[in-house]
Visitor: 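One structure follows; several queries about it will come next.
Here the structure is a predicted model, which is why all the values come from computation and not from measurement.
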Amino acid sequence: MPLGALLVLLLLGGAGPASAHAALDSTDPEDGAVLQRPPGHVTLAFSESVGLRDDSFRVLDPGGHRVRTGDTGHADGRSETARVALPGGLGEGTYTVAWRVVSADSHPVSGAFTFSVGKPSTTVASVDTGPTEDPLTTNLHRIARYLSYLAAALLIGTAAFVALCRPPDAAPLRRPLAAGWWTLLGATVALLVLRAPYEAGTGPSGALDPDALGDTLTARPGVLLLIRLALLGPAALFLARMFRTPVGDRHPRPGPLAATAGGALAVALALTWAASEHASAGIQVPAAMTSSTLHLLATALWLGGLTALLLTLRSAGDAATVARFSRVALASVTVLAVTGVYQSWRGLGSWQALTGTTYGRLLLAKVVLVAVLLAAAAVSRRWTAALAATAAAQEPARERVPQPAGGPPAPEPPTAPADTGGAAPATAALRRGLRRSVLAEAVVAAVVLAVTTVLTGTQPGRAVDEAARTVPAGGVLPASVTTIPFEIGTAGRGTVQITLDPGRTGDNAVQAVVFGPDGSLAAVPELRLSFTLPDQHVGPIDAELVDRGGYWSANTVTLPLPGTWTMKTTVRVSEIDQVSEVRRIRVER
């Protein structure tokens, strides 16, 4: 196993399919916009194509009541957009739009934003966009996905082991093949049933809704799961035919036509994952789909083959079978290295994402596990070499004897018993050592596959970077909201609620609302706001607030540098009295 290629694999390989969840690029109306006239529709633009649901949009009026909207669809037929029609005659105030769509890679994303008609409301309707994924549904869905990966590896890898490594007795491998087939069947059905509540972010009971299941069966993820189920039928027929061997032949060997059909089935099964996960969206989709398919097949050959080898060694495994699998494993690792490097580059996008994102940290954890796996594989190769050397030493030397022409073949010359010196116990000891190292490989490989399952459901670093440059996929831009109490003489304490949107470097909008002691809106003669960055000797920068009748605002306040700014608020409570308060706020880049 070449060390250089393995180090590349350790650094970046084996990340699983990767590209991006859909990131929200823009909204129309823009988040926080104040419009003179009501809009006729709301349009969202995403970084990739998205699937829509009946409840993809919820629009709430200033009082928090749901607005009756039209049908949801794509704007101008563009699959990377979502649009909903609004009714005419929207009143004055701030409206909240909560949205939820399904990325092309099959993962749901959601968020919310606001716009105002006429002027902003003094209060904004509180809306819970809901979790992107219900915890229980997510865990069940994740378990089903892991079992489907594991079953596919067991099914494809074991069948390939029988065909390529030609064990002397394939009968013990019937059981893992059957287990892989039935597990993949059950996991696929579970994924199909759980699809609707997974997309909706609801509990598993949502799987009982027949309408939701009907929608699943016509959407792309559901169609791919149905194709996977359909492929399991021909796969069962192929396995049955492969093991239908003549009496006395303990090794099933599929013919060229059957072997080609089996390979095509394996590729088709792998494509159902590639077409429904990260590889189906983002940049370089054709290359990513090819890489993802090859990656899954190579994983199956290695992991499924390890399981088959372990069972073979328990019965009648020989050195030739082990040597053949060693060659298959080396080819699989080479494919994993190449595809893993590409997919990791595609998913990470930058070196900073390796430590600065959840995806990158999971990838680093997988690096450690792969290092352990390769250490176990190195031990297995040493056991394999020792077993092969022992088997070669025990092979009796045969003397070539000329055969008489036209007559029956001469009998085999008697072979003198070799002085093995305990060769049989030595061979048994080698097989036991190889079984232990292969078992360690299989266990660690199963854990690596579990981490891969989590990776395929985690937003890649490239998508996180894209979302940070626009609008986060999980919601609105993070406005900074600060509440400052102040004394109103003998009347008690009031508060000023200051919203700095988006709370980042560059241009920001400021809104300030003053509340009296009883929590109602309070009118004050003057409200001043300034910002200073002491560390950089910047400021004070005056916000130049304007009384809008019920609240104060400034359309643009430019904060040029990130850091911890000092925000000074001065409230004039009468013609002669004023109070000033200072707060420190964090401004991000």
Side-chain angles (χ1 to χ4, degrees), residues 1 3-21 105 107 132-133 135 138-150 152-153 273 277-279 282 288 291-292 295-296 298-300 302-304 306-307 329 332-380 437 439-465 467-468 473-474:
M1 196 174 291
L3 183 58
L6 295 182
L7 289 177
V8 173
L9 176 63
L10 284 176
L11 180 60
L12 289 173
S19 176
H21 297 317
D105 60 12
H107 298 289
T132 302
E133 298 172 339
T138 298
N139 289 332
L140 292 175
H141 190 269
R142 188 170 292 164
I143 290 171
R145 289 177 64 239
Y146 173 69
L147 289 176
S148 68
Y149 278 120
L150 192 63
W273 274 275
E277 296 287 356
H278 292 314
S291 175
S292 177
H295 195 89
L296 181 59
T299 301
W302 192 8
L303 178 56
L306 282 175
T307 305
S332 300
V333 169
T334 302
V335 173
L336 286 172
V338 175
T339 57
V341 168
Y342 169 73
Q343 291 171 185
S344 297
W345 165 81
R346 187 173 182 262
L348 283 172
S350 66
W351 286 108
Q352 290 77 10
L354 195 60
T355 56
T357 64
T358 301
Y359 181 89
R361 290 188 289 271
L362 282 171
L363 186 57
L364 286 176
K366 187 172 181 178
V367 164
V368 176
L369 289 171
V370 172
V372 176
L373 178 61
L374 293 176
V379 174
S380 297
S437 63
L439 178 60
E441 275 190 82
V443 171
V444 178
V447 178
V448 171
L449 192 60
V451 176
T452 301
T453 304
V454 178
L455 271 171
T456 59
T458 302
Q459 189 174 31
R462 186 183 295 273
V464 173
D465 290 342

Visitor: State which residues pass side chain to side chain contact (heavy atoms under 4.5 Å, CB included) with Ser291; sequence neighbours excluded, sorted by chain then number.
Guide: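 Testing Ser291 for side chain to side chain contact (heavy atoms under 4.5 Å, CB included), a comparison that skips the adjacent residues, returns Thr339, Tyr342, Gln343.
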Visitor: Just to verify, what does Ser148 make a side chain to side chain donor-acceptor pair (under 3.5 Å) with, not counting sequence neighbours?
Guide: none
Visitor: Could you tell me if the side chain of Val335 sits less than 4.5 Å from the side chain of His295, heavy atoms only?
Guide: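 The answer is no; the side chains never approach within 4.5 Å.
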Visitor: Considering all heavy atoms of both residues, which atom of Ala152 and which atom of Ala300 are nearest to each other, and what is their separation?
Guide: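 For Ala152 versus Ala300, the nearest heavy atoms are O-CB, 4.2 Å.
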Visitor: Whether the side chain of Ser292 engages the backbone of Ala288 through a donor-acceptor N/O pair (distance < 3.5 Å, no angle test) should be reported.
Guide: no
Visitor: Leu296: what forms a side chain to side chain contact (heavy atoms under 4.5 Å, CB included) with it, not counting sequence neighbours?
Guide: Tyr149, Ala270, Trp273
Visitor: Of all residues at least two apart in sequence or in a different chain, which pass the side chain to side chain contact (heavy atoms under 4.5 Å, CB included) check with Val338?
Guide: none
